[in-house]
Amino acid sequence: MKYSQLLAPTLREDPADAEVISHKLLLRAGYIRRVTSGVYNYLPLGLRVLRNIEAIIRQEMNHAGAQELLMPAVQPGDLWQKSGRWEKYGPELLRFKDRHDHESCLGPTHEEVICDLVARELRSYKQLPMNLYQIQSKFRDEIRPRFGLMRGREFIMKDAYSFHADQQSLNAEYQNMFDTYKRIFTRLGLKFRPVEADNGSIGGSASHEFHVLAESGEDLITHCSACDYAANIERAQSRRATPAGSDSELTEVNTPNVTSAEDVAAFLGADIALLVKTLVYRIEGGPHDGQCVAACVRGDDALQEIKLTRAVQATALQMASDADISDIGGITGFIGPRALSSLVIFDESLRQADGLIAGANKVDTHVTGLNVSRDIRDAQFADLRQTREADGCPRCDGTMSYSRGIEVGHVFELGTVYSEPMEVIFQDQQGKRSVASMGCYGIGVSRLIAAIVEQCNDADGIAWPAHLAPFQVVIISMGKSDACMDVCEKLYHELKQADIETLWDERKERPGVKFKDAELMGLPIQIIIGDRGLENGVVEIRERGRDKQEVAQEAVLSSVRNLLDRE
RNA sequence: CGGGGCAUAGCGCAGCCUGGUAGCGCAUCUGGUUUGGGACCAGAGGGUCGGGUGUUCGAAUCACCCUGCCCCGACCA
């Protein structure tokens, strides 16, 4: 490609609305342009990188025995009615009607469509297992798209769906995909970590996320210093020492105007861990839709909302208003678990606890000596607390620490959550009708572009791993003589012949401009050809970020090959 | 959804407080000089000042409404 014909509008300054480094650099280097909130054009450079990433994913997926197909972006509402998600899926699902007034939506994911397809074609267990994948644009009407390609509304995803006759087969494929993902992210040159994850609204049982470790990551993950336990904070567990309270009578104490856990502990001279914080939420969705739930955690713990959401099978939670709280018999500031009319759930750490302090649901009053199993009838427990840095590992003696991560992959065991309502049924070995169990496996392909740039950049711009770069080589013409241009052109054709993706910067620009652009774009190898060197029959080759070296004119191709092979 | 901020040329910004018909840098075009790390000189093009309503002799500037975008929060009993 000749530079003068390439649409790669580079920007000298950071765009005002870009926050993270990948967003800034992808805009500045001419890889992407915004169309509307969370929706981007991939310019030629961006598309080339996307294709390079896709190629690796395809290779590994195919190698793992999956087969590629392509499903539609527009999906009929009927299928979503059938799976039950037309109601369950929130406003992220962009719905519309076509000219015939048929309910439709833009696919945020493709379980319904794949199940519909497979249900029609699947007859015998002999056809199983099978793993079908596609690389497709998805649309999710995110509340808050941000950080460029990191969280878009329209984005490109590789999603795979496997179908199985039995659990054992599903387990095997889950492991197969887990290993495949590790290979893919390793080949992409990423620092990543698989972590145990919450299943979210998609349902199912086992699930792991693959996170690229980066400061700008939107997720918080916690991992053990000693073993390989790692989990998303949304479901992470940990060991912590809880102080033993002493067994005592339930007693009301006067706590005038003292409301926060810190203040109550200080006021009563008690360990804050003996406080019970009671947080009230209004439940949206699920069997308790519209009701309130009171969640109790220790005074020094924070509630992990996702855990609570799961515990009450909700789709979302909203902090309760003061009015909601008084409706269930509580008083803001002095709320406690006793005698509330709502659902009350305690964190597991309160199960065997004595001498706790909680709000008394009376103005200016708390109770001491609370023992949950003694004083609360039919108490319900769940893991609700958020782990804290330096907690103990739940699996070994190690300690837990936090990192930020960008979720680039997710593998799920779905079981029959979708195949059952979608009637993905086959005849098993015994001749009986049986529901296929499923796994699903996603990779955020466009998000990967951002994640890679987050890890591969320096003061001059992007620094692509050579095999992902839009061009492996850029020829920078320095001289203005015809002879120099002839040499450049000849080399350009040679490299192209050799299947090396080459950009020839033949613009009438000053050298500095060409260097800056090449480095901003992150092209790994520069070949610098000027009149001065040509007098001695040499050209310069420089790997991005390294010192240049002189090479005889005839040896350029082999030198470039060597550099690329070393990758 | 809640809170904050922004919207002026392709990009980055000033002008607004104190109303008088729009400016700077980069980019673009023309000519010239330059040419090993984002050149210089001279000239030129490009803006319904996000949209609407109002106040006023007069609105980028003041008021109200709308739209779009960015950031923060979604831990508080």
Side-chain angles (χ1 to χ4, degrees), chain A residues 9-20 23-24 27-28 30 33-39 90-91 142-148 218 220 233 255 257-264 275-282 284 292 294-297 299-309 316-322 324-326 328 330-337 340 358-361 363-366 384-386 388 459-461 476-481 484 505 507-520 526 528-534 539-540 542 548 550:
Chain A
T10 56
L11 267 25
R12 203 175 279 221
E13 289 168 280
D14 284 337
D17 53 6
E19 182 76 4
V20 298
H23 191 193
K24 287 180 186 172
L27 284 168
R28 277 192 59 202
R33 285 294 184 264
R34 197 185 73 100
V35 177
T36 183
S37 178
V39 178
E142 295 277 351
I143 309 174
R144 197 179 151 201
R146 57 182 147 182
F147 302 156
E218 292 186 284
L220 196 56
I233 195 71
T255 50
N257 285 322
V258 187
T259 60
S260 78
E262 290 78 14
D263 295 346
V264 173
L275 262 289
V276 176
K277 274 202 298 205
T278 306
L279 310 173
V280 181
Y281 288 84
R282 184 164 280 287
E284 291 175 13
C292 282
C296 298
V297 295
D300 57 341
D301 272 337
L303 173 75
Q304 171 54 51
E305 279 190 23
I306 301 291
K307 289 182 177 179
L308 178 61
T309 306
L317 295 173
Q318 201 103 80
M319 283 302 302
S321 63
D322 288 356
D324 289 333
I325 291 174
S326 65
I328 61 167
I331 293 170
T332 303
F334 302 95
I335 189 163
L340 288 181
N361 297 322
V363 176
D364 292 345
T365 312
H366 281 74
L384 297 179
R385 69 178 286 266
Q386 176 155 316
R388 293 177 304 185
D460 294 317
I476 298 181
S477 302
M478 306 274 289
K480 50 182 176 171
S481 68
C484 177
D505 193 345
R507 292 177 299 170
K508 290 182 180 38
E509 286 288 352
R510 297 164 66 85
V513 174
K514 298 187 178 187
F515 287 130
K516 290 287 184 196
D517 278 336
E519 279 150 14
L520 181 60
Q526 298 174 357
I528 304 148
I529 302 182
D531 289 322
R532 220 168 54 191
L534 287 181
V539 303
E540 290 161 21
R542 178 164 55 190
K548 62 191 174 188
E550 291 198 335

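Chain A is the first sequence line, chain B the second, and so forth, proteins listed ahead of strands; every chain is numbered from 1.
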Distance between the [atom1] atoms of [N] and [M], in whole angstroms?
{"N": "B/A22", "M": "B/U8", "atom1": "C1'", "answer": "8 Å"}
{"N": "B/A9", "M": "B/C24", "atom1": "P", "answer": "14 Å"}
{"N": "B/A63", "M": "B/G20", "atom1": "P", "answer": "15 Å"}
{"N": "B/C16", "M": "B/U48", "atom1": "P", "answer": "22 Å"}
{"N": "B/U56", "M": "B/G47", "atom1": "P", "answer": "32 Å"}
{"N": "B/C26", "M": "B/G38", "atom1": "P", "answer": "14 Å"}
{"N": "B/U61", "M": "B/U21", "atom1": "C1'", "answer": "12 Å"}
{"N": "B/G23", "M": "B/C69", "atom1": "P", "answer": "31 Å"}

Side-chain heavy atoms of [X] within contact of [Y], under 4.5 Å:
{"X": "A/Y281", "Y": "A/T309", "answer": "no"}
{"X": "A/F334", "Y": "A/T255", "answer": "yes"}
{"X": "A/S477", "Y": "A/I529", "answer": "no"}

Figure out the [atom1]/[atom2] separation between [X] and [N], and round it to whole Å.
{"X": "A/D14", "N": "B/G10", "atom1": "CG", "atom2": "C1'", "answer": "17 Å"}
{"X": "A/E284", "N": "B/C1", "atom1": "CD", "atom2": "P", "answer": "13 Å"}
{"X": "A/K516", "N": "B/G37", "atom1": "NZ", "atom2": "P", "answer": "10 Å"}
{"X": "A/E509", "N": "B/C26", "atom1": "CD", "atom2": "C1'", "answer": "13 Å"}
{"X": "A/E13", "N": "B/G12", "atom1": "CD", "atom2": "C1'", "answer": "4 Å"}
{"X": "A/R510", "N": "B/C40", "atom1": "CZ", "atom2": "C1'", "answer": "8 Å"}
{"X": "A/F515", "N": "B/U35", "atom1": "CZ", "atom2": "P", "answer": "16 Å"}
{"X": "A/D517", "N": "B/A39", "atom1": "CG", "atom2": "P", "answer": "11 Å"}

My understanding is that a pair needs two contacts under 3.5 Å, Watson-Crick or G-U wobble. By that rule, which nucleotide pairs with [N]?
{"N": "B/C64", "answer": "B/G52"}
{"N": "B/C69", "answer": "B/G5"}
{"N": "B/A74", "answer": "none"}
{"N": "B/G47", "answer": "none"}
{"N": "B/U30", "answer": "B/A42"}
{"N": "B/C57", "answer": "B/G20"}

Flag, side chain of [X] to backbone of [Y], donor-acceptor distance under 3.5 Å:
{"X": "A/R33", "Y": "A/P9", "value": "yes"}
{"X": "A/S481", "Y": "A/C484", "value": "yes"}
{"X": "A/K548", "Y": "A/Q526", "value": "no"}

> Between B/A39, B/G36, B/U35, which nucleotide gets closest to the side-chain atoms of A/K480?
Replying inline: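 So the side chain of A/K480 is nearest to B/U35.
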> B/G38 base to A/E519 side chain: any donor-acceptor pair below 3.5 Å?
Replying inline: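 It does not, because no donor-acceptor pair links the side chain of A/E519 to the base of B/G38 below 3.5 Å.
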>> Using the rule side chain to side chain contact (heavy atoms under 4.5 Å, CB included), only one of A/D300, A/V297, A/D301 pairs with A/K277; which is it?
In response: A/V297
>> Using heavy-atom distances to pick each residue's nearest nucleotide on RNA chain B, tell me which of A/P511 and A/P15 is more 5'.
In response: A/P15
> In the 5'-to-3' direction, what one-character label does each nucleotide of nucleotides 67-77 of chain B receive under the scheme B = base within less than 4.0 Å of a protein heavy atom, S = sugar-phosphate only, - = no such atom?
Replying inline: --SSSB-BBBB
> CZ/A/R144 to CD/A/E218 distance, rounded to the nearest 0.5 angstrom?
Replying inline: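 One finds 8.5 Å between CZ of A/R144 and CD of A/E218.
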> Does a donor on one side chain and an acceptor on the other come within less than 3.5 Å for A/R282 and A/Q318?
Replying inline: no
> Hey, is the side chain of A/R12 poking within less than 4.0 Å of OP1 or OP2 on B/A27, counting only N and O atoms?
Replying inline: yes
